[in-house]
Amino acid sequence: MIPLDTPLQFLKGVGPRRAADLQRVGLQTVEDLLYRFPIRYEDRGSFATIASLRPGTAASIAGEVVSCGVRPTRRPRFKIFELLVRDLTGSLRAVFFNQPFLSDVFHPHQRVILFGKLELSAHGLQLQNPQYEILRQEAGDAPAAPDADDDTLHTGRIVPVYEKTGTLTTRMQRVIVHRALAGLPAAIQDPLPADIRAREQLVDRRAALVDVHFPPAGTPIGELNAFRSPAQRRLIFEEFFLFQLGLVLKRRKADDERKARAVVVTDEIRESARRVLPFRLTGDQKKVIAEIVEDMKRPQPMNRLLQGDVGSGKTIVALMAALVAMENGLQVAFMAPTEILADQHFITIRKLLEASRFRIALLTGATPARKRRETQAELAAGSIHMVVGTHALVQDPVAFHDLGLAIIDEQHRFGVLQRATLRTKGLHPDVLVMTATPIPRTLALTTYGDLDVSVMREMPPGRHPIKTIAKPEARREEIYAFVRKQMDEGRQVYVIYPLIEESEKIDVKAATEMADHLAADIFPEYRVALLHGRLKQEEKERVMGAYARGDTHVLVSTTVVEVGVDVPNASVMLVEHAERFGLSQLHQLRGRVGRGPHLSYCVLLYQFPLSDQARERLKALTETTDGFVIAEKDLELRGPGDFFGTRQSGMPTLRVGDLVRDHAIMEAARREAVAALDDRRQAETLAALVRTGWEQRFGLAGIG
Ligand code: ADP
Ligand code: MG
């Protein structure tokens, strides 16, 4: 018998060297091995005969190697490995490009399986770079398993295909997995409660583990390759369920916390807020402010995520929350991801609070040491009511007198850790996280699963949709003419330069040259300014200030303006090398225009070659300005791992589930997890289950 927690090296046929290979991809126990899905399945129940093959179709064939070898081509570094196989009905050529090592893999008389798409070449029908598997080695080679397995494991059925792992081929893995399954105890514990299994129509765990690797005859192959077989669905659900249990428990634990003081809202406070407001709030702004204030009135700390597309007016919402806190004698910390943005928030908020009795300070990495010490002392004493800053707010030994509300703008740029650190600055303060990157629904259930969510979709009145066009480099002149026309009408323009080289120095040089060129040759009658990350703080402020006042007309910049910058008179966002930017990033950049009453344009200038992904990104941008649609598309194109960049930003490490592909299962798992924990009879067992290893398993901060 081989229990699930058996270390892999004790499995027959593994041994220390293969165990090390498996360990390298995170597989230590039999359980790890079995919870690693095949990447795809092949129906080898019946092989196509070579004589029956047709071009344009995909097929697996089984045959014997007749001959093989590297064929040189006219191009010196381009080599083709050619393989001729035959079965009882004929022979077929397979070619592999630039894989000369295949000379060591294939030999005449081997029995092989090839899988791939058939193409018609000048030499007749052939397979190009097919997947391959060698069934029977020649005499002398140590086979990975007894030959007797060949007919039962590797052919004559639906077979799993695994990702190659170190020296372990898919065939060896198939053998190892088969052994592990053969030794699996008759009864293994199932973490899923029986009632959930029944309700969600989930098969038994043991059966699922067996079927996911060796699907029973008759399982539709398409279903398997879409990861929708009953066995796959069951194991994905199990993973998501455990994950959601942890999130829900974390959430409930936070609900047990009590903040030092809940706020109250009086007519006086309402009046004070009204005095600060520079415009009428949109319906969505009002709705969200009400949601936030409701949270602030409760004894539990607020943990709320505000999602609002660029330009939807999140800043004023944050300020209203801040006012309520300050009117209640509490301090507020407002954290922004960049100095430029912190400066801008500081300037906006200071102006709005001018007539109030509240004192506000700025604290960033650029704050001079003396000023910083002063500010820190005043924060500790409570004579400063609100501090706006960058991550310096969490790094510094900043102590607050009575921190009641922490606002974190553009959350996707911060790690989860910083959120936690800021929270520890006060005695469980209210936390409001704001993001302009709409979080696709699945991610909202995962990364931010412990937060309540408010959404603003409405834009402030008087906005026109931004017109987005993508143009190739060849149309540059035309675009310059268009830009000039806009400036002639009094508008301002952003020109964004991407990070191209590894070195920031070189990038700054490229952007600088661009600015010089535009100033001297293209728009001599207008003032061109340059902004990038390497400028000194005062210099950045000066440049941004001049642009905001309209003293300069063209702002050439790196992506430092990506988030938050607000200059309503700017009407053109010209992005150079748009093909190099990510979808969400381009959407953020586009959000810098269309913030005033003027018709605005986003021009995406691209250069060839254009990858398929880049083409799709540009297409998506020209087709929609809805941030939620863009975010879903971005997630689809990039995959969840890349969506927020780093793991630190709170993406779970999943073994079998895929946040995009399996989002419907995640929603079901969420629902069931909440219900299961509400049921007192099972809550304790489930909590115990989660406590062992949740953190380690999902690579996320623990549930404590
Ligand atoms: P974001 O959600 O991207 O942070 P901001 O808070 O910067 O958006 O607001 C974008 C612009 O819209 C700002 O110039 C702001 O003053 C303006 N604005 C916000 N709300 C309203 C409103 N209700 N009516 C008119 N203008 C508004
Ligand atoms: Mg903003």
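It should be emphasised that the depicted structure is a prediction, and the values quoted were computed from it without experimental measurement. Every number for a ligand or one of its atoms is a count from 1 in the order of the listing. Here, residue 1 is the first one in the sequence, and each next residue gets the next number.
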J.: What pair of heavy atoms forms the shortest contact from Val263 to Val324, and how long is it?
T.: CG2-CG1, 3.9 Å

J.: For Phe581, what residues pass the ring-ring contact (aromatic ring centres under 6.0 Å, His included) criterion, not counting sequence neighbours?
T.: none

J.: Taking only heavy atoms of Thr282 into account, list the atoms of ligand 1 that are under 4.0 Å away from them.
T.: 23 (N)

J.: Does the pair Arg261 and Asn328 meet the rule for a side chain to side chain donor-acceptor pair (under 3.5 Å), with working shown?
T.: CA-CA 9 Å; Arg261 205 143 28 96; Asn328 277 269; 5.9 Å; no

J.: Who pairs with Phe346 by ring-ring contact (aromatic ring centres under 6.0 Å, His included), at least two apart in sequence or on another chain?
T.: none

J.: With respect to Ile316, determine whether any N or O atom, backbone or side chain, lies less than 3.5 Å from an N or O atom of ligand 1.
T.: no

J.: Do any nitrogen or oxygen atoms of Gly311 come within less than 3.5 Å of a nitrogen or oxygen of ligand 1?
T.: yes

J.: Check ligand 1 against Pro460 and write out every atom of the ligand that is under 4.0 Å from a heavy-atom position of the residue.
T.: 18 (N), 19 (C), 20 (N), 21 (C), 22 (C), 24 (N), 25 (C), 26 (N), 27 (C)

J.: Going by the closest heavy atom to atom 14 (O) of ligand 1, which one wins out of Val567, Asp566, Asp284?
T.: Asp566

J.: Quick one, Glu541 with Lys536, criterion salt bridge (charged side-chain N to carboxylate O under 4.0 Å, His left out). Give me CA distance, side-chain angles, the key distance, then yes/no.
T.: CA-CA 9 Å; Glu541 278 173 32; Lys536 283 223 187 60; over 6 Å; no

J.: Of all the atoms in ligand 1, which lie at a distance below 4.0 Å from a heavy atom belonging to Arg280?
T.: 22 (C), 23 (N), 24 (N)

J.: Testing Val493, Thr468, Val593 for side chain to side chain contact (heavy atoms under 4.5 Å, CB included) with Met573, which one passes?
T.: Val593

J.: For ligand 1, which atoms have a heavy atom of Thr315 less than 4.0 angstrom away?
T.: 4 (O), 5 (P), 6 (O), 7 (O)

